[in-house]
Amino acid sequence: MARYIEIFSLESGARAVAELYENEAPKTCEAMWKCLEVPMETDGIQAMWVGRELMFLMPPENQRVDPMTIPEENATQYPVPGDIAFKYYPKGATRQVYRDFRSGPVWDFFIIYGPDAILGGATVSIFAHIVEGLDELATDAMKIREHGIRRYRVSRLSQ
Amino acid sequence: MGNRMIEIEIMGSGITAIAKLLEEDAPETCEALWSALEKPLETKALHAVWQGRTLEIELPETHRTFKPDAVPMENATIYPLPGDVLWRYHPPKAIRGLLSPQCGIMIAYGPESIMRTPIGPAPSNVWAQIIENKEAFGYEASKMWFGGARTIRIRRV
């Protein structure tokens with residue numbers, strides 16, 4: 001029985017729906033579904049190396065699993081538009097510059113919203129894929145670069 | 001006789017960096033861009049989406065005083081250092097969905113700036129280097145990642 005999540009832009013009302021890759025990434029899906037026991041409401045950030053990526057730093061109230069127990073599943077170095085991925089970085093794992101967010105643990109929940117995503121050799125687990133509203137979401141996400149970060153809500157979609 | 005200098009200001013921040021032109025290393029690029037700055041340039045700067053800690057500035061038509069495709073590769077790199085001011089040109093229709101400048105000035109404001117496009121590494125001419133207020137400028141520029149576009153002013157000293 002497929003499970004779905006919704007990505008909603010509080011700024012514009014843009015809405016996308018993604019189907020979880022239950023077969024391909026079962027443990028990651030289970031973890032992400034648990035994390036979304038309560039909706040994730042946070043800023044959408046435009047990536048600075050990957051290109052057309054909308055990233056969310058999962059806030060503490062959604063950090064409901066042990067991220068170190070999630071194995072790599074359905075992983076790729078070449079995500080395509082619509083792919084939703086999760087990657088965890090322990091505290092201090094990546095270089096910190098300008099007091100940016102990377103000093104603490106990073107729960108990176110991100111969406112590839114257009115072509116030409118460049119991960120630079122990093123491998124990420126794809127646990128869901130947008131099946132509805134990608135264009136709408138992409139149009140909204142494209143505005144972040146110009147106008148700055150904006151609020152989104154990611155939540156479980158009831159059947 | 002010293003090198004020519006430019007001022008780079010992120011408008012509204014009170015932060016102005018001074019950069020010296022690398023006349024020996026990139027003579028033709030310096031000549032082209034100095035001529036472009038006959039009138040001060042005040043235009044939009046965007047944070048990079050593929051190039052890391054880089055500010056990207058499309059040179060507007062009003063300041064294209066030279067043929068962009070006539071500037072040779074000079075002092076080029078794909079791994080700028082913080083404070084490097086770069087130039088790169090792509091023919092308008094060459095690259096699908098390009099979100100970097102097609103005729104552009106870039107400023108590497110911090111480490112991990114990479115000159116590239118979706119079709120690969122993009123050697124860019126380093127034609128100036130920030131020699132004053134580099135740290136303060138870098139920090140102010142870093143706010144654009146979350147904050148969005150800012151107006152930048154570049155002018156001859």
Side-chain angles (χ1 to χ4, degrees), chain A residues 9 11-12 42-57 59 77-82 89 93-103 106 108 110-122 134-135 138-152, chain B residues 10 12 15 43-58 78-83 90 94-101 106-122 134-152:
Chain A
S9 166
E11 180 79 27
S12 72
T42 190
D43 293 320
I45 299 162
Q46 167 60 56
M48 68 157 92
W49 286 282
V50 176
R52 292 179 184 86
E53 174 197 302
L54 170 64
M55 68 183 269
F56 302 113
L57 302 176
Q77 296 187 5
Y78 302 105
V80 299
Y89 302 85
T94 52
R95 177 201 203 124
Q96 184 195 3
V97 184
Y98 298 120
R99 287 164 269 158
D100 63 23
F101 66 83
R102 297 195 290 183
S103 59
V106 175
D108 189 357
F110 61 96
I111 301 172
I112 303 299
Y113 65 81
D116 302 311
I118 314 175
L119 293 189
L134 178 59
D135 284 348
T139 303
D140 185 77
M142 290 286 315
K143 299 199 170 96
I144 295 168
R145 192 182 187 207
E146 179 89 33
H147 301 293
I149 54 179
R150 49 180 55 192
R151 302 294 283 181
Y152 288 80
Chain B
I10 299 175
I15 311 282
T43 190
K44 183 164 72 177
L46 289 171
H47 198 291
V49 302
W50 285 296
Q51 304 196 105
R53 292 192 184 85
T54 310
L55 300 189
E56 300 183 345
I57 297 150
E58 185 79 56
I78 60 172
Y79 297 116
L81 296 169
H90 300 287
I95 302 174
R96 181 184 76 173
L98 187 65
L99 297 176
S100 303
M106 285 154 299
I107 306 171
Y109 71 80
E112 299 171 318
S113 165
I114 322 165
M115 296 291 100
R116 63 184 186 174
T117 71
I119 65 169
K134 184 160 73 176
E135 256 84 74
F137 183 88
Y139 183 62
E140 191 65 29
S142 76
K143 295 181 192 168
M144 288 172 59
W145 181 30
F146 284 16
R150 301 279 291 273
T151 303
I152 203 161

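These numbers come from the heavy atoms of this one structure, side chains and all, not from hydrogens, waters or symmetry mates. Every chain is numbered from 1 and lettered A, B, ... according to where its sequence line falls, protein lines coming before strand lines. This one's a predicted model, so the numbers in the text were calculated from it and none came from an experiment.
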* Can you tell which of B:Gln51, B:Arg116, B:Lys44 has the highest number of heavy-atom pairs within less than 4.5 Å of chain A? -> B:Arg116
* Identify whether the distance between the nearest side-chain nitrogen and carboxylate oxygen of A:Arg151 and A:Asp43 falls below 4.0 Å. => yes
* chain A contact via B:Glu140 - side chain, backbone, both or neither, heavy atoms under 4.5 Å -> neither
* To do: Measure the acute angle between the ring planes of B:His47 and B:Tyr109, then classify it against the limits of 30° and 60° as parallel, tilted or perpendicular.
  => perpendicular
* To do: For A:Gln46 and A:Arg52, indicate whether the former's side chain and the latter's backbone hold a donor-acceptor pair under 3.5 Å.
  => no
* Side-chain contact, heavy-atom cut-off 4.5 Å: B:Phe137 with B:Leu55? -> yes
* Looking at B:Pro111, B:Ser113, B:Gly52, which makes the most heavy-atom pairs under 4.5 Å with chain A? -> B:Gly52
* Asked: Within the side chain of A:Trp49, is there an N or O that forms a donor-acceptor pair under 3.5 Å with the backbone of A:Gly120?
  -> no
* Asked: Contact part of B:Arg96 toward chain A, heavy-atom cut-off under 4.5 Å: side chain, backbone, both or neither?
  -> both
* Asked: Non-hydrogen atoms of chain B under 4.5 Å away: do they reach the side chain of A:Ile144, the backbone, both or neither?
  -> backbone
* Heavy-atom distances under 4.5 Å only: say whether B:Ile119 touches chain A with side chain, backbone, both or neither. => neither
* Structure fact -> Greatest number of non-hydrogen atom pairs under 4.5 angstrom with chain B, of A:Gly114, A:Pro115, A:Gly148, A:Ala117, falls to A:Gly148
* Asked: Do the side chain of A:Arg145 and the main chain of B:Leu99 share a donor and acceptor less than 3.5 angstrom apart?
  -> yes
